[in-house]
A.B. asks: 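Sending over a structure as structure tokens; questions will come in a sec.
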Amino acid sequence: FIVYFSLNRQRERAAKGNVIEKTENKAPSKSLFVITLTAFVFPVLFVIVKSVSVSWRWGDIFPAGFSLRSWISLAEEPKLAEALISSMEIGLWVIALNLFLGIPAAKTLAHVSFKGKAAVETILLTPIIVPALTIAMGLHVLFIRAGLADAIAGVVIIQLLPTLPY
């Protein structure tokens, strides 16, 4: 209900003419680029180095040694290809369903006025507001009863719920 009322307030403000002013297009600064690059590249590099290190104790600047043992063990895993294919399949289904459902919903909610529009917006935005654990516990019981708990379709639906509002 909080979302419903806040969306109605935003509509009322927009109807009165209180719209957000446009800002100038400014080029991003070099420091912002460096900070962003550091925030995204450093963790990835750290994980790569950590994956090939033998022992890296707290306080040591560098690991004690390097080894590809964990990567070799991963490559020898017989179900690796099956897991990767399954993950790609789930990801592609989620992307396709997000586009198939999200684009028409966004266009309709942005350009068409209809009775119950605020309720539809609230339903679509609920997964953002309600804690994920709350949704997961309820849906887990529902999926067990429906037979979707061990199915790819169940995983696709679960992945779709938090991503659809975006």
A.B. asks: Could you give the side-chain donor-acceptor pairs of residues 144-160 under 3.5 Å, partners two or more places apart or in another chain?
C.D. replies:
none

A.B. asks: Do Ile95 and Phe100 have side chains that approach each other closer than 4.5 Å (heavy atoms only, starting at C-beta)?
C.D. replies: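 The answer is no; the side chains never approach within 4.5 Å.
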A.B. asks: Using residues 55-76 as the side-chain source, report each donor-acceptor pair under 3.5 Å to any protein atom, sequence neighbours left out, with the distance given to one decimal.
C.D. replies:
{"from": "Trp56", "atom 1": "NE1", "to": "Asp60", "atom 2": "O", "distance (Å)": "3.1"}
{"from": "Ser67", "atom 1": "OG", "to": "Arg69", "atom 2": "N", "distance (Å)": "3.1"}
{"from": "Ser70", "atom 1": "OG", "to": "Ser51", "atom 2": "O", "distance (Å)": "2.9"}
{"from": "Trp71", "atom 1": "NE1", "to": "Ser51", "atom 2": "OG", "distance (Å)": "2.9"}

A.B. asks: I want to check something: taking the side chain as every heavy atom from C-beta on, are Asn98 and Ile103 in contact at a cut-off of under 4.5 Å?
C.D. replies: no
A.B. asks: Evaluate the criterion side-chain contact (heavy atoms from CB on, under 4.5 Å) for residue pair Thr36 and Leu32; output intermediate values, then yes/no.
C.D. replies: CA-CA 6 Å; Thr36 304; Leu32 180 64; 4.2 Å; yes
A.B. asks: Does Lys107 use its side chain to pair, donor to acceptor, with the backbone of Val112 at less than 3.5 Å?
C.D. replies: no
A.B. asks: Say you draw a straight line from CZ of Phe42 to CG of Leu37; how long is it, rounded to the nearest 0.5 Å?
C.D. replies: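 Phe42 CZ to Leu37 CG: 12.5 Å, rounded to 0.5 Å.
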A.B. asks: Consider side chain to side chain contact (heavy atoms under 4.5 Å, CB included). Of Val47, Ile48, Val41, which one does Val44 pass it with?
C.D. replies: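 Looking at Val47, Ile48, Val41, the match for Val44 under the side chain to side chain contact (heavy atoms under 4.5 Å, CB included) is Ile48.
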A.B. asks: Out of curiosity, Thr163 OG1 to Leu101 CG, how far, rounded to the nearest 0.5 Å?
C.D. replies: 10.0 Å
A.B. asks: With a 3.5 Å distance limit and no angle check, can you tell me whether Ser86 reaches the backbone of Glu82 through a side-chain donor-acceptor pair?
C.D. replies: no
A.B. asks: Please check if atom CZ in Phe40 has more than 12 non-hydrogen atoms from other residues, nucleotides or ligands closer than 6.0 Å.
C.D. replies: no
A.B. asks: Which atom pairs, donor and acceptor, lie under 3.5 Å between side-chain atoms of residues 125-141 and protein residues at least two apart or in another chain?
C.D. replies:
{"from": "Thr126", "atom 1": "OG1", "to": "Thr122", "atom 2": "O", "distance (Å)": "2.5"}

